[in-house]
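Notes follow the structure.
Numbers restart at 1 for each chain; the letters A, B, ... are given by sequence-line order, proteins then strands.
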There are 2 protein chains.
Amino acid sequence: MDAPPKVNSTAASLLGFLHRQPMTGWELVQTARRTIGDFWSLTPSQVYRELNGMAAAGLVEAGQRGSRERRPFTITATGRAAFRAWLEAGPSEETIRMPMLLTVLFGEELASDRLSAILRHQRALHAARLAAYEAVNTTDDRNRRTVYQQATLDFGITYERAVLAWFDRLPRGLRGG
Amino acid sequence: MDAPPKVNSTAASLLGFLHRQPMTGWELVQTARRTIGDFWSLTPSQVYRELNGMAAAGLVEAGQRGSRERRPFTITATGRAAFRAWLEAGPSEETIRMPMLLTVLFGEELASDRLSAILRHQRALHAARLAAYEAVNTTDDRNRRTVYQQATLDFGITYERAVLAWFDRLPRGLRGG
DNA sequence: TAGAACATGTAACGGGTTACATGATTTG
DNA sequence: CAAATCATGTAACCCGTTACATGTTCTA
């Protein structure tokens, strides 16, 4: 009857990965980078801290230390319940923070060639990200991805294409010569 | 020769607004919500804390308290230098955090009608945001907006349209219905 | 004139970021 | 075998969020 402890999205994601098998902190870092890194950033520090916190709260259990101080964590029944509660609650509200748009908004204070140089650089970063997504999308075997994984990849591609289209529709004054 | 103190994007934005005239914390909150609120969230608490910090660092100066404990802040020469340094440096790297995509990725753990209900709700939120942007774009006098303001508005519209298109291309299993 | 909304803050917490430490393993 | 890199963490800081307090002005 006790409600399971509330977890944040980072902790919940770790619990999600631990459903399949026990993992060490490092393995979780790698898994997270690979599977959610494109839309949910995290650092090793966070992972180790969350694991300690979740162990204290009984959501995971630490196993025996192996070589190199490596310590596998196993999800508990409480951990599964906490993950499920987080998932059922639906996504928390998206907080949009776009540093580039701050630069654009205050752009009149900048020399116009400096602003357009900054924007061209930003465009290149987005173009590179799009290329990476499309490479994965076309090269890798599609059947290796679940519909859920494919949906997140599609989001990335759709987003980056839209951003590039925005760059290319900027007035000349901002886009540069 | 002394490098100006480094400021974060929130503090820098406040300095940007203070270029025109001295403002109180509350006025800054309103101005920020109105002009950058769509792509840079901030709370009154942050504003008051940043103002105190910047006053201690000599970037702004607090004026006489007026009625209702109201206290106007004026930007200093150091403050202008710090703002300029922040602006010249270009935007910090965008950290993308999309809680909704976490829900999608772990979606196979959810009952499929629950997932599609969540996604339909999210779609409605984005549709509402797009409608609000487009209302501003078509109703308000375009000549009241600088090219910089128009560019950020265009970004919002482009982004929300792309997100809606993504929703509408999801496989039936995720979209429901 | 009582209650609502406005305006101005402080305090505490949560969690993301950065810096640092240290032993294990790999590689030149 | 020395240097680089891997792996595992701790500590401190920064800053966004939430909760709370309090006086002021407006409105029914």
Length of the CE-P vector between A:M54 and D:dG9, whole Å: 13 Å

Using side chain to side chain donor-acceptor pair (under 3.5 Å) as the criterion, list what pairs up with A:R97, not counting sequence neighbours. none

Take the protein atom CD of B:E94 and the nucleotide atom P of C:dT17, then report the distance between them rounded to whole Å. 13 Å

With sequence neighbours left out, what residues match A:R161 under salt bridge (charged side-chain N to carboxylate O under 4.0 Å, His left out)? A:E134

Length of the line joining B:R97:CZ and D:dC15:P, which is rounded to integer Å: 16 Å

Output the rounded distance in Å from CE (A:M23) to P (D:dG9). 15 Å

Apply salt bridge (charged side-chain N to carboxylate O under 4.0 Å, His left out) to B:R84 and list each qualifying residue two or more places apart in sequence or on a separate chain. B:E88

By side chain to side chain donor-acceptor pair (under 3.5 Å) - contacts of B:Q122 (at least two apart): none

Comparing nearest nucleotides in DNA chain C, the 5'-proximal residue of the pair A:E50, B:F73 is B:F73

Of the residues in residues 5-14 of chain B, which ones touch DNA chain D at a heavy-atom distance under 4.0 Å? B:N8, B:T10

Report yes if at least one side-chain N or O of A:R71 is closer than 4.0 Å to OP1 or OP2 of D:dA7; otherwise report no. no

Expected list for residues 10-18 of chain A: side-chain donor-acceptor pairs under 3.5 angstrom, two or more places apart:
unit_1: A:T10; atom_1: OG1; unit_2: A:W40; atom_2: NE1; d: 3.0
unit_1: A:S13; atom_1: OG; unit_2: A:S9; atom_2: O; d: 2.8

Centres of the A:F106 and B:Y148 rings: under 6.0 Å? no

Qualifying salt bridge (Lys or Arg N to Asp or Glu O under 4.0 Å) pairs, either residue in residues 8-32 of chain B, two or more places apart: A:E108-B:R20

For C:dG9, does OP1 or OP2 lie under 4.0 Å from any side-chain N or O of B:N52? no

Which ones in residues 34-49 of chain B lie close to DNA chain C, meaning a heavy atom under 4.0 Å from one of its atoms? B:S45, B:Y48

For A:Y159, all residues meeting side chain to side chain donor-acceptor pair (under 3.5 Å), sequence neighbours excluded: B:E94

